[in-house]
Amino acid sequence: MRVRFAPSPTGALHIGGARTALFNWLLARHAGGELVLRIEDTDAERSTPENVEQILDALQWLELDWDEGPILQSARAGRHREALQALLDAGHAYRSNATAEDVKEYKRLHGADRGFRGEPESAGAVRLHVPADGATVVHDLIRGETRFEHVHLDDPVIARADGSVLYNFAVAIDDLDAGITHVVRGEDHLSNTPKQLLVLEAARDAGIDRSEDGRQTPLPLYAHLPLLHGPDGKKLSKRHGAASVQELRDAGYLPEAVRNYLALLGWGAGDDATVMSTEELIERFTLERVSRNPARFDETKLRWLNGRYIRGMPLGELTRRIERFTGREGLQDAVRISQEKIHTLADFWPLAGSLIDGPVEDPSARERWLTGDGRAALADARAALAGAASFDEAGVGEALAAVVEGRAVKPREVYQPLRVAITGSTVSPGIFESIALLGREETLRRIDRALAGD
RNA sequence: GCCGCUAUCGUCCAGGGGACUAGGACGCCGCCCUCUCAUGGCGGAAACCGGGGUUCGAAUCCCCGUAGCGGUACCA
């Protein structure tokens with residue numbers, strides 16, 4: 001089995017593209033086949049080297065590797081011209097100066113459901129001859145047979161007047177030359193498939209489909225994946241939050257969680273498995289179980305899944321990732337007491353950063369907890385902590401429990417003022433853990449500053 | 001407009017003629033745990049797009065309608 005992932009570098013790699021890459025990768029790894037990476041950059045206007053870099057970078061972050069490539073489609077222009085000329089010579093294609101208006105006029109005359117047929121001219125863009133009768137049937141591995149009647153198909157333009165080839169031609173030739181056995185891509189390409197199949201058949205007839213050993217290359221099998229949409233059912237875009245792989249990374253998601261989540265969009269293991277390691281995904285993934293319905297990208301479920309991965313991760317590993325994410329070091333103790341409270345790497349600093357860089361400013365928190373009884377409770381807590389026999393979590397807990405008991409109040413009446421005093425905010429890791437982490441000296445200093453505050 | 005794809009809880013995935021009183025997960029609601037936020041545990045609400053047909057029997061098969069999406073570029 002040889003599959004391919006063929007993004008066009010017209011922007012960052014979006015979630016939909018990442019899912020297509022993942023499915024191809026899963027399929028190749030499951031079957032012990034090869035994955036070819038091809039960059040579809042035949043549109044020089046819109047393709048940039050920066051975008052190519054970004055796509056490669058995104059795939060690397062996702063830890064999806066490939067076995068061949070990246071092959072730049074633009075580098076194959078020579079082969080494309082040769083193949084194009086062969087089709088022209090064999091009479092499967094012709095030059096035409098017909099414009100979009102001409103096509104419209106043709107349909108007005110012959111009916112809206114009649115495909116455009118042009119007259120061969122000496123110059124102009126190159127169109128493929130679509131047979132007058134019959135139909136091209138796409139045997140889609142996911143959707144079954146889809147029949148496209150030739151009368152409905154326009155003679156597609158396969159090359160510009162300057163001889164540079166267009167997408168539907170380049171794809172067909174490249175898939176053929178690369179010996180691709182399974183074309184797995186988004187459903188938006190289903191309608192393009194008959195055109196590509198027609199190019200492939202014309203290419204065979206023109207005799208340009210022979211591999212080195214002279215054998216005819218079999219036509220690839222096709223599988224069209226359901227499309228991915230935003231939460232509102234519309235096409236994915238920036239409005240939907242993290243829509244590109246880079247944005248997912250910056251939002252603090254883990255690549256393994258993203259892989260797991262993306263695999264669940266348009267595919268299910270068959271039983272009720274939700275959390276699956278990449279190894280398990282590889283083992284269980286099959287095209288037969290891919291759904292036909294479009295799916296929506298729902299970030300809340302990704303967040304939950306990401307949280308599961310974070311909680312299940314060894315402390316050292318999580319620390320390493322958070323340190324790389326934040327660019328800080330020496331975070332292990334803070335990470336340890338935050339692990340069960342965060343869902344993404346990005347959640348860590350807002351939760352626990354104040355333990356490292358000092359309390360944050362939150363006037364409303366001070367107003368609510370550091371006035372009246374709160375101040376008094378804080379003073380008691382200070383005294384208790386100053387005299388605590390030991391300053392580990394248990395020692396701190398004991399000392400503070402005594403304060404709660406002594407004041408005969410609900411625990412929060414002591415703990416919240418304390419939390420605001422040492423972190424500045426009402427949200428933090430556990431209070432005993434936080435205080436133990438700070439140590440006696442720093443804790444008392446922060447309490448004193450809070451007490452002196454207003 | 002034309003051509004095509006799709007249609008099960010708010011979302012994702014099961015179920016593919018009788019096992020459906022339609023299952024699991026996220027989210028939501030409630031309870032428990034609890035120092036905040038979380039985590040964890042328990043419970044709950046929540047769906048077969050509409051209409052015909054086939055059949056003893058339809059979420060499941062067929063047709064029509066509707067809706068969503070895609071294609072219809074000298075874009076990919």
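Every chain is numbered from 1 and lettered A, B, ... according to where its sequence line falls, protein lines coming before strand lines. Side chains are part of it too, since the values below use all heavy atoms of this structure and drop only hydrogens, waters and symmetry mates. Remember, it's a predicted structure, so these values are computed and weren't measured experimentally.
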Counting side-chain heavy atoms from CB outward, which of B:C74, B:C75, B:C12 is closest to A:Ala161? B:C74

When all nucleic acid strands are considered with a 4.0 Å heavy-atom cut-off, which category describes A:Arg95: base, sugar-phosphate, or nothing? nothing

Rounded to whole Å, CD of A:Glu149 lies from P of B:C2 at a distance of 16 Å

Earlier contact from the 5' end, RNA chain B, for A:Lys195 and A:Leu190: A:Leu190

For the pair made of NE2 in A:His189 and C1' in B:C75, what is the distance, rounded to whole Å? 11 Å

Under 4.0 Å between any heavy atoms, over every strand shown, what does A:Arg292 touch: base, sugar-phosphate, or nothing? Just pick one. sugar-phosphate

So which nucleotide from B:A25, B:U6, B:C74 ends up closest to the side chain of A:Lys301? B:A25

The Watson-Crick or G-U wobble partner of B:U11, with both key distances under 3.5 Å, is B:A25

Heavy-atom check, side chain of A:Trp267 versus side chain of A:Phe23, under 4.5 Å: yes

What integer distance in Å separates A:Arg160:CZ from B:C75:C1'? 8 Å

Listed nucleotide nearest any side-chain atom of A:Asp113, set B:C74, B:C2, B:G70: B:C2

Please check if any side-chain donor atom of A:Tyr167 sits under 3.5 Å from a side-chain acceptor atom of A:His189, or the reverse. yes

Pick base, sugar-phosphate or nothing for A:Asp154, based on heavy-atom distances below 4.0 Å to the nucleic acid. sugar-phosphate

A:Met276 CE to B:G24 C1', in whole Å, measures 12 Å

Tell me the partner of B:G4, counting only Watson-Crick (N1-N3 plus N6-O4 or O6-N4) or G-U wobble (N1-O2 and O6-N3) with both under 3.5 Å; none if nothing fits. B:C69

Could one point to a donor on the side chain of A:Thr146 or the base of B:G4 with an acceptor on the other under 3.5 Å away? no

Look at A:Arg375 together with A:Glu367 and state whether they make a salt bridge at an N to O cut-off of under 4.0 Å. no

Distance-only side-chain donor-acceptor flag, A:His224 / A:Glu187, under 3.5 Å: no

NA contact type, A:Ser191, heavy-atom cut-off 4.0 Å: base, sugar-phosphate, or nothing? base

Under 4.0 Å, counting only non-hydrogen atoms across every strand here, what does A:Ala295 touch: a base, just sugar-phosphate, or nothing? sugar-phosphate

Integer-rounded Å distance: B:A76 C1' and A:Gln73 CD: 9 Å

Answer yes or no: are there more than 12 heavy-atom neighbours, outside A:Glu119 itself, under 6.0 Å from its atom CD? no

Summary of protein contacts for nucleotides 32-48 of chain B, nucleotide by nucleotide, where a base hit scores B, a sugar-phosphate-only hit scores S (4.0 Å, heavy atoms): ---BBBBSS--------

Side-chain N,O (A:Thr274) to OP1/OP2 (B:C26) below 4.0 Å: no

Sugar-phosphate, base or nothing in reach of A:Ala112, heavy atoms under 4.0 Å: sugar-phosphate

Is any side-chain nitrogen or oxygen of A:Arg289 closer than 4.0 Å to OP1 or OP2 of B:C13? no

Base, sugar-phosphate, or nothing: which does A:Gly307 touch, judged by heavy atoms less than 4.0 Å apart? nothing

Return the set of residues passing side chain to side chain donor-acceptor pair (under 3.5 Å) with A:Gln73 (not counting sequence neighbours), or none when no residue passes. A:Glu40, A:Asp174

Describe, in one word, how the ring planes of A:Tyr94 and A:His129 are oriented to each other, choosing from parallel (under 30°), tilted (30 to 60°) and perpendicular (over 60°). tilted

What contact category does A:Gly266 fall into here, base, sugar-phosphate, or nothing, at under 4.0 angstrom with non-hydrogen atoms? sugar-phosphate

Measuring from the side chain of A:His229 (C-beta onward, heavy atoms only), which nucleotide among B:C75, B:C12, B:C69 has the closest atom? B:C69

Earlier contact from the 5' end, RNA chain B, for A:Asp162 and A:Ala273: A:Ala273

Check whether any side-chain N or O of A:Asn293 sits under 4.0 Å from OP1 or OP2 of B:U6, and answer yes or no. no

Pair assignment for B:C33, Watson-Crick or G-U wobble, requiring both distances under 3.5 Å: none

May I ask you to evaluate whether A:Arg108 reaches the phosphate of B:C2, defined as a side-chain N or O under 4.0 Å from OP1 or OP2? no

Specify the separation, in whole Å, of atom OH of A:Tyr106 and atom C1' of B:C2. 14 Å

A:Lys107 atom NZ is separated from B:G71 atom C1', nearest whole Å, by 12 Å

Is there a donor and acceptor pair closer than 3.5 Å between the side chain of A:Asn192 and the base of B:A76? yes

What nucleotide among B:C75, B:C5, B:C12 has an atom nearest to a side-chain atom of A:Arg296? B:C12

Describe the nucleic acid contact of A:Ser47 in one word from base, sugar-phosphate, nothing, applying a heavy-atom distance below 4.0 Å. nothing

